[in-house]
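Report on one structure; see the data block that follows.
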There are 2 protein chains.
Amino acid sequence: MKPAVTIRDVAQAAGVSIQTVSNVMHGKPSVRADLQSRVLDVIEQLGYYPSQAAQGLRQRASHTLGFLVFDPSPRALADPVHGEVIAGMCDVARTLGYNLLVDTPLIRPEAPAEHFLRLFRTRRVDAAVITLSGRVGGHEEVISELIAAEILFVLLEREIVGDHVYCLLGANYAGAYQATQAMLERGHTRIAFIDSLQMWPAVDQRLHGYIGAMEAHGLADAVRVVSSIDWSAEGGAAAMRLLLEDGALPPPTAVLAGNDLLAIGAMHTIRAAGLRIPEDLAIIGFDDFEFTRYVEPTLSTVRLPSYDMGRQAAQLLIQHLRGEPATERCFVLPTELMLRRSI
Amino acid sequence: MKPAVTIRDVAQAAGVSIQTVSNVMHGKPSVRADLQSRVLDVIEQLGYYPSQAAQGLRQRASHTLGFLVFDPSPRALADPVHGEVIAGMCDVARTLGYNLLVDTPLIRPEAPAEHFLRLFRTRRVDAAVITLSGRVGGHEEVISELIAAEILFVLLEREIVGDHVYCLLGANYAGAYQATQAMLERGHTRIAFIDSLQMWPAVDQRLHGYIGAMEAHGLADAVRVVSSIDWSAEGGAAAMRLLLEDGALPPPTAVLAGNDLLAIGAMHTIRAAGLRIPEDLAIIGFDDFEFTRYVEPTLSTVRLPSYDMGRQAAQLLIQHLRGEPATERCFVLPTELMLRRSI
DNA sequence: TTGTATGCGTTATCAT
DNA sequence: ATGATAACGCATACAA
């Protein structure tokens, strides 16, 4: 790579002092008009771009936002939800003069937050969006260590309080409530919920949203929950089998699944049992995975506002960095019930 | 955020010079053992992490890799293919001491490479992986400007030669060839290819792989290509309709689609026409989108090694930066034929 | 072996 | 209004 053009080169070529170039770059009004245009010309001609490394060193800010996802699975960043968050963050970060650093820190039991802190310390990341998925230990330790380090961050899908901490949640409760209500309105009363043995806070909210809607319609006794062993389609298929083959209870006429993968597995079981969707058994998923639009019948689902989360998270952080912290610390973003043909 | 611990703080607390701390950090052998351990203790205790901003300023290297995707669609980074590349890059970058910056530069006709260069100039990104998707003008200009700027980068899915340029391609030709051959081996002779009016180099290779396989089996005359208006499922459905309702020719017994979205649309048309998959009409897609595993029947497809591409790209760049440039400049990574039930 | 001085590119604080 | 100088945190060449 060619040696970079420095502010000194510009000053020399324009025959002015370094300071004057700096003033021009920052649009200071105290620059003579003729010098101003001369400097501007040289900048254009030489292709001068100020080094953010040097700027950051000076003003103790890297103008970099981090997106840190802890997920034990190897290709976590390829998860579509994370992709949308990244896209959202990237969009607003760029328009506000920030850049986006992504990483997947490890969590070692001896020093849970070490990798997170390293990014803040060595890379001088100004703030970060953090998402902790999976049901592995150490999450709480990481969070408290980060808070203790007085680091500015947004935590996704997990409630938390702290001085430099925001949290952004999808309306998991409301979304599940709304989905359940849509089923109730269609006359269903035997509505089941499929979740997983590996729960995390967001899913717990979904479960309670379902229960809340059932109770609100006087169907507290009809609440029926079955847990898949994991978050796979196979797990959903097995859970659905349990619901259909339960000797004691009649099968449900509608099912809300903890996520779309569970739902798609359940759909296979339903079809394999010779039942029609949605006539015999209606189903709604969660997350709005891409495939929901392409399966047969298309799967209704509750869409999480991941892209908007990314946008709002970045906005919150940058505004805070600029000295305008939001008054609220915790935001719940609305979900969207995507009604397709499975209900 | 708390004020960062500097090398000076460590030196002071340990009662040694700054230089000694630096030597300890870099594992220089010329440090007295007792000082070494004392410094190490203080570093641990104070939680000292060297600032990469300062290091980079000094040694003219940011230890940062960029992933720059130009894509006119708004949420390009959420594309699963890009997600996999990011995941791959991130994995090897971290193990080699680098970090990953992602961005979606704009291409303005007046200054096509401006946003790309800005990242190299202001952020001092050491090298980047670049992918130019969509069929919008300006790609060639961007590439030649980047080459002229003597920037180190890997271009994905596009052939190119240049001094500081690598390119990584999926084996699009071979993949299509192999998929077509799989159909030929099953006795099909009337095999059609669905592509799109918006072509790009990688898809052109797929088309030629199909044609190559047909010719190799003496079926050059049976080559039949129909173009969708875009890369959507709807476009694929319309293209398939054209194939089925063509008065002059009998419908194909097998179809290779330019990507999975086209394939899924075609599948809808096939089913709507009362034909069975794969008995009446076999189909293979391209890209291995997640939904291919969940549609009915599951869709066979040609999987691109996106994750491996990300890994190898990062490795190539970092090795080059370390003064060990690879002898090859262009690499073709093998695709994988995912045989499922649609064939 | 250890400490001192200088420079990386920039901005802020002073004088002019 | 403009120009010189110091400082940001670190590494390197040098001197001790």
Side-chain angles (χ1 to χ4, degrees), chain A residues 1-40 42-43 46-64 97 118 120-126, chain B residues 1-40 42-43 46-64 97 118 120-126:
Chain A
M1 188 151 27
K2 290 177 186 167
V5 178
T6 75
I7 196 171
R8 194 163 316 180
D9 301 331
V10 176
Q12 202 161 4
V16 298
S17 81
I18 290 180
Q19 179 58 15
T20 303
V21 179
S22 176
N23 285 340
V24 170
M25 287 300 294
H26 291 75
K28 295 265 172 72
S30 58
V31 177
R32 235 168 53 207
D34 57 326
L35 286 189
Q36 157 115 7
S37 64
R38 200 161 83 206
V39 169
L40 245 27
V42 174
I43 287 174
L46 261 47
Y48 166 66
Y49 294 92
S51 156
Q52 279 206 25
Q55 285 183 329
L57 193 60
R58 187 60 235 237
Q59 46 194 51
R60 292 133 177 289
S62 65
H63 292 273
T64 300
R118 192 195 301 279
F120 282 89
R121 301 295 189 216
T122 82
R123 307 299 308 210
R124 297 292 194 271
V125 165
D126 294 336
Chain B
M1 186 152 28
K2 290 177 187 167
V5 178
T6 75
I7 196 171
R8 196 163 314 179
D9 301 331
V10 176
Q12 203 160 4
V16 299
S17 81
I18 290 181
Q19 175 61 5
T20 304
V21 178
S22 176
N23 284 340
V24 169
M25 287 301 293
H26 291 76
K28 294 267 172 70
S30 58
V31 175
R32 235 167 55 205
D34 60 324
L35 285 189
Q36 157 113 7
S37 65
R38 199 160 85 205
V39 169
L40 245 27
V42 174
I43 287 175
L46 260 48
Y48 167 66
Y49 294 92
S51 155
Q52 279 205 26
Q55 284 183 330
L57 195 59
R58 182 63 234 239
Q59 43 194 51
R60 293 131 175 289
S62 65
H63 293 274
T64 301
R118 192 195 301 281
F120 282 89
R121 302 295 189 216
T122 82
R123 307 299 308 210
R124 296 291 193 274
V125 166
D126 293 335

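Keep in mind that this is a model prediction, so the values were computed, not measured. Naming convention: chains lettered A, B, ... in sequence-line order (proteins, then strands); numbering from 1 in each chain.
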Can you check the [X] [atom1] to [N] [atom2] distance for me, whole Å?
X: B:Asn23; N: D:dC10; atom1: CG; atom2: P; answer: 14 Å
X: B:Lys28; N: C:dT1; atom1: NZ; atom2: P; answer: 13 Å
X: A:Ile43; N: C:dG9; atom1: CD1; atom2: C1'; answer: 14 Å
X: B:Leu46; N: D:dG9; atom1: CG; atom2: C1'; answer: 15 Å
X: A:Arg32; N: D:dA1; atom1: CZ; atom2: P; answer: 11 Å
X: B:Ile7; N: C:dC8; atom1: CD1; atom2: P; answer: 19 Å
X: B:Gln59; N: C:dT6; atom1: CD; atom2: P; answer: 21 Å
X: B:Arg123; N: C:dG9; atom1: CZ; atom2: P; answer: 17 Å

So, is [X] close to the [N] phosphate, meaning a side-chain N or O under 4.0 Å from OP1 or OP2?
X: A:Ser17; N: D:dG3; answer: yes
X: B:Ser22; N: D:dA11; answer: yes
X: A:Tyr48; N: C:dT10; answer: yes

Using a heavy-atom cut-off of under 4.0 Å over every strand shown, decide if [X] touches base, sugar-phosphate, or nothing.
X: A:Ile18; value: base
X: A:Arg8; value: base
X: A:Gln19; value: base

Residue of the set A:Val10, A:Val24, A:Leu35 for which side-chain contact (heavy atoms from CB on, under 4.5 Å) holds with A:Val16: A:Leu35

Look up atom [atom1] in [X] and atom [atom2] in [Y], then write down how far apart they are to the nearest 0.5 Å.
X: A:Gln55; Y: A:Ser62; atom1: CD; atom2: OG; answer: 11.5 Å
X: A:Arg8; Y: A:Ile18; atom1: CZ; atom2: CD1; answer: 4.5 Å
X: A:Ile7; Y: A:Ile43; atom1: CD1; atom2: CD1; answer: 8.0 Å

Measure from the side chain of [X], starting at C-beta and using heavy atoms only, and say which of [options] lies closest.
X: A:Arg60; options: C:dT2, C:dT11, D:dC8; answer: D:dC8
X: A:Leu57; options: C:dT10, D:dA1, C:dG9; answer: C:dG9
X: B:Ser51; options: D:dT2, C:dT2, D:dC10; answer: D:dC10

Heavy-atom donor-acceptor pair, A:Arg58 side-chain to C:dA12 base, under 3.5 Å: no

DNA chain C nearest-nucleotide lookup for B:Thr20 and A:Ala54: closer to the 5′ end is B:Thr20

Just checking B:Gln12: does its CD atom have more than 12 heavy atoms from other residues, nucleotides or ligands closer to it than 6.0 angstrom? no

